Enquirer: 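Take a look at the following structure, please.
Residue numbers start from 1 in every chain, and the chains themselves are labelled A, B, ... in the order their sequence lines are given, proteins ahead of strands. On a predicted model such as this, the values are computed, not experimentally measured, just so you know.
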There are 2 protein chains.
Amino acid sequence: MPVSEDADRTALLRYVERFALVLRASGIAPMPARVFAFALADDADRYTAGDLAAGLQVSAAAISGAVRQLVQWGLLAREREPGTRSDLYVLDDHNLWTRFVGAELDTLERLEETVAAGMEIIGVDRPGGRRLAETRDFFAFLRQELADAVSRWPAERDRLAAARSSSTRARPAGRSG
Amino acid sequence: MPVSEDADRTALLRYVERFALVLRASGIAPMPARVFAFALADDADRYTAGDLAAGLQVSAAAISGAVRQLVQWGLLAREREPGTRSDLYVLDDHNLWTRFVGAELDTLERLEETVAAGMEIIGVDRPGGRRLAETRDFFAFLRQELADAVSRWPAERDRLAAARSSSTRARPAGRSG
DNA sequence: CACGTATTTCACACATTTCTGAAGTGATTT
DNA sequence: AAATCACTTCAGAAATGTGTGAAATACGTG
């Protein structure tokens with residue numbers, strides 16, 4: 001048992017709030033940001049809604065709303081162990097970062113569509129319309145690049161793990177979740 | 001002169017609001033989003049604060065705050081024509097998309113720092129800490145990939161322009177703004 | 001089928017954000 | 001040097017967002 005369980009919990013909570021604050025800067029709502037940060041940083045693999053509420057010291061209602069968002073975004077998966085009556089929430093480990101960027105990709109796609117619609121409304125034969133056309137091209141380019149980058153991540157991850165295990169100790173690369 | 005100047009303005013304003021709404025989903029505040037969308041979609045190359053206020057039908061104060069943000073982000077440049085007393089705001093054309101993604105890169109960097117700090121606080125020898133380590137690696141990777149992608153854009157833009165001008169008419173590629 | 005638990009929904013209080021009008025600041029022109 | 005114009009700052013009203021407690025619902029067990 002740690003020197004002080006309470007101190008650890010407090011430090012964790014403070015850190016979760018700090019992490020959540022950065023997440024919120026990207027447009028994520030406070031409570032989903034907190035739940036995500038908590039689920040990532042705390043040690044459990046699965047959390048019941050009760051765990052999350054107790055861990056974050058917030059109401060069950062707040063958790064309900066937050067996990068709904070996170071599950072919708074694919075960052076959290078809802079599971080159910082037979083013989084229990086509470087849902088379990090799990091970070092969708094392997095696909096986690098694909099999902100995370102997936103949200104960005106969706107935004108980029110909506111942006112692209114909106115700009116394309118603007119070209120129709122404004123007309124491409126005018127300065128504004130021409131700027132919109134270039135904007136759309138850029139978003140399309142960026143979206144493709146981002147998608148490619150994400151698809152390269154698993155290989156890169158393995159490469160990093162291999163490099164580390166050989167430079168520190170000869171130990172097979174381990175998965176984190 | 002268009003059939004109806006008013007109808008065009010209304011359509012533009014409606015579109016600006018729609019565009020701004022998508023921008024806001026990425027965490028940009030309403031008024032900066034509107035000013036950016038307006039400056040991009042309307043036909044002028046430069047706008048005075050008065051132009052923006054009149055065009056968007058909002059107060060001068062609102063413009064003041066919005067352009068401050070946009071200038072800080074580097075999306076808008078402030079200029080001053082000698083012999084006039086009003087500032088001119090210009091979309092920082094050539095670097096525009098570099099800047100746009102630059103904001104994302106900054107967020108990614110803050111995220112990376114925050115996660116790295118978390119590894120210290122939590123300890124990398126625990127499940128939560130190990131997840132944070134992988135998270136940091138991913139953000140570092142993504143940041144690099146994104147920076148690379150942006151640096152490839154100018155060449156890609158020219159390639160697109162060249163392909164288009166040869167497939168439609170034999171005309172030198174034109175710049176949009 | 002009734003009970004007990006987990007989860008969701010809802011109305012409300014609280015906090016934050018957003019934009020405006022008015023006052024204040026700085027600079028150029030007359 | 002006074003007046004005028006552009007811009008910024010500030011306080012406050014309105015709108016929006018956030019999280020809680022309580023009631024309602026769903027679900028699995030005995």
Side-chain angles (χ1 to χ4, degrees), chain A residues 13-14 16-39 44 46-73 76-90, chain B residues 13-14 16-39 44 46-73 76-90:
Chain A
L13 263 181
R14 213 197 313 277
V16 163
E17 201 57 45
R18 180 177 163 193
F19 193 166
L21 219 57
V22 185
L23 255 19
R24 288 175 59 182
S26 317
I28 301 174
M31 201 54 82
R34 286 194 271 264
V35 169
F36 179 73
F38 180 82
R46 312 197 205 318
Y47 303 86
T48 65
D51 291 340
L52 296 171
L56 288 167
Q57 317 219 23
V58 298
S59 71
I63 297 298
S64 177
V67 296
R68 185 142 77 106
Q69 283 277 34
L70 290 168
V71 167
Q72 173 149 7
W73 294 334
L76 223 52
R78 199 191 304 259
E79 294 183 352
R80 198 56 169 278
E81 206 68 37
T84 70
R85 34 180 120 179
S86 49
D87 290 336
L88 290 171
Y89 297 97
V90 187
Chain B
L13 263 181
R14 213 198 311 277
V16 163
E17 201 57 45
R18 179 178 164 193
F19 193 166
L21 218 58
V22 185
L23 255 19
R24 289 174 60 183
S26 318
I28 300 174
M31 201 54 82
R34 286 195 270 263
V35 170
F36 179 74
F38 180 82
R46 313 195 205 319
Y47 303 86
T48 64
D51 291 341
L52 296 171
L56 288 167
Q57 318 218 22
V58 297
S59 72
I63 297 298
S64 177
V67 296
R68 185 143 77 107
Q69 283 277 33
L70 290 169
V71 167
Q72 173 149 7
W73 294 334
L76 224 52
R78 198 191 305 259
E79 294 183 353
R80 196 56 168 278
E81 206 69 36
T84 69
R85 31 178 122 179
S86 48
D87 290 336
L88 290 171
Y89 297 98
V90 187

Enquirer: What integer distance in Å separates A:Leu52:CG from C:dT8:P?
Expert: 12 Å
Enquirer: Grab the two heavy atoms, one from A:Thr48 and one from A:Ser86, that are nearest each other, plus how far apart they are.
Expert: CG2-OG, 3.8 Å
Enquirer: Can you tell me which nucleotide in D:dT9, D:dC7, C:dT8 comes closest to the side chain of A:Ser64?
Expert: C:dT8
Enquirer: Can you tell me how far P of C:dT18 sits from CG of B:Leu23, to the nearest Å?
Expert: 14 Å
Enquirer: For A:Arg46 and A:Tyr89, test the side chains for any donor-to-acceptor distance below 3.5 angstrom and give the result as yes or no.
Expert: no
Enquirer: Assign B:Ala62 to base, sugar-phosphate, or nothing according to its heavy-atom contacts below 4.0 angstrom with the strands shown.
Expert: base
Enquirer: Pick the nucleotide of DNA chain C nearest each of B:Pro32 and A:Gly50; which residue has the one closer to the 5' end?
Expert: A:Gly50
Enquirer: With a non-hydrogen cut-off below 4.0 angstrom, is A:Ser59 in contact with a base, only sugar-phosphate, or nothing?
Expert: base
Enquirer: Judged by atom type as modelled, is there a donor-acceptor pair below 3.5 Å linking the side chain of A:Arg80 to the main-chain atoms of A:Arg85?
Expert: yes
Enquirer: Going by salt bridge (Lys or Arg N to Asp or Glu O under 4.0 Å), name the residues that satisfy it together with A:Asp51, two or more places apart in sequence or in a different chain.
Expert: none
Enquirer: Name the residue closer to the 5' end of DNA chain D, choosing between B:Ile63 and A:Gln57 according to the nucleotide with the nearest heavy atom.
Expert: B:Ile63
Enquirer: Is the phosphate of D:dT8, meaning OP1 or OP2, less than 4.0 Å from a side-chain N or O of B:Arg78?
Expert: yes
Enquirer: Rounded to whole angstrom units, what separation is found between the CG atom of B:Leu56 and the P atom of C:dT18?
Expert: 16 Å
Enquirer: Kindly point out which of D:dT9, C:dT7, D:dT20 is positioned nearest to the side chain of A:Asp87?
Expert: C:dT7
Enquirer: Grab the CG-P distance between B:Leu21 and C:dT18 for me, whole Å please.
Expert: 13 Å
Enquirer: For A:Glu79 and C:dT7, give me the distance from atom CD to atom P, rounded to whole Å.
Expert: 14 Å
Enquirer: Using a 4.0 Å heavy-atom cut-off across all strands, classify B:Arg80 as base, sugar-phosphate, or nothing.
Expert: nothing
Enquirer: Checking contacts here: which listed nucleotide (D:dC7, C:dT29, D:dG21) is nearest the side-chain heavy atoms of B:Arg85?
Expert: C:dT29
Enquirer: Where is the tightest heavy-atom contact between A:Trp73 and A:Pro32, given as atom of each residue plus distance?
Expert: CZ3-CB, 4.3 Å
Enquirer: Among C:dA6, D:dC7, C:dT18, which is the nearest nucleotide to the side chain of A:Ser86?
Expert: C:dA6
Enquirer: Given atom CD of B:Gln69 and atom P of D:dC7, what is their separation to the nearest angstrom?
Expert: 18 Å
Enquirer: For B:Arg24, which contact category applies under a 4.0 Å heavy-atom criterion: base, sugar-phosphate, or nothing?
Expert: nothing
Enquirer: Which pair of heavy atoms, one from A:Arg78 and one from A:Asp87, lies closest together, and at what distance?
Expert: NH1-OD2, 3.5 Å
Enquirer: Kindly point out which of D:dT8, D:dT20, D:dT9 is positioned nearest to the side chain of A:Val58?
Expert: D:dT20
Enquirer: With heavy atoms under 4.0 Å as the rule, sort A:Gly65 into base, sugar-phosphate or nothing.
Expert: nothing
Enquirer: Could you check how far CD of B:Glu17 sits from C1' of C:dT18, rounded to whole Å?
Expert: 13 Å
Enquirer: Counting side-chain heavy atoms from C-beta on, which of C:dG21, C:dT7, D:dA22 comes nearest to A:Ala49?
Expert: C:dT7
Enquirer: Let's see if you can work this out: which of C:dA22, C:dC19, D:dT18 has an atom nearest to the side-chain heavy atoms of B:Met31?
Expert: C:dC19
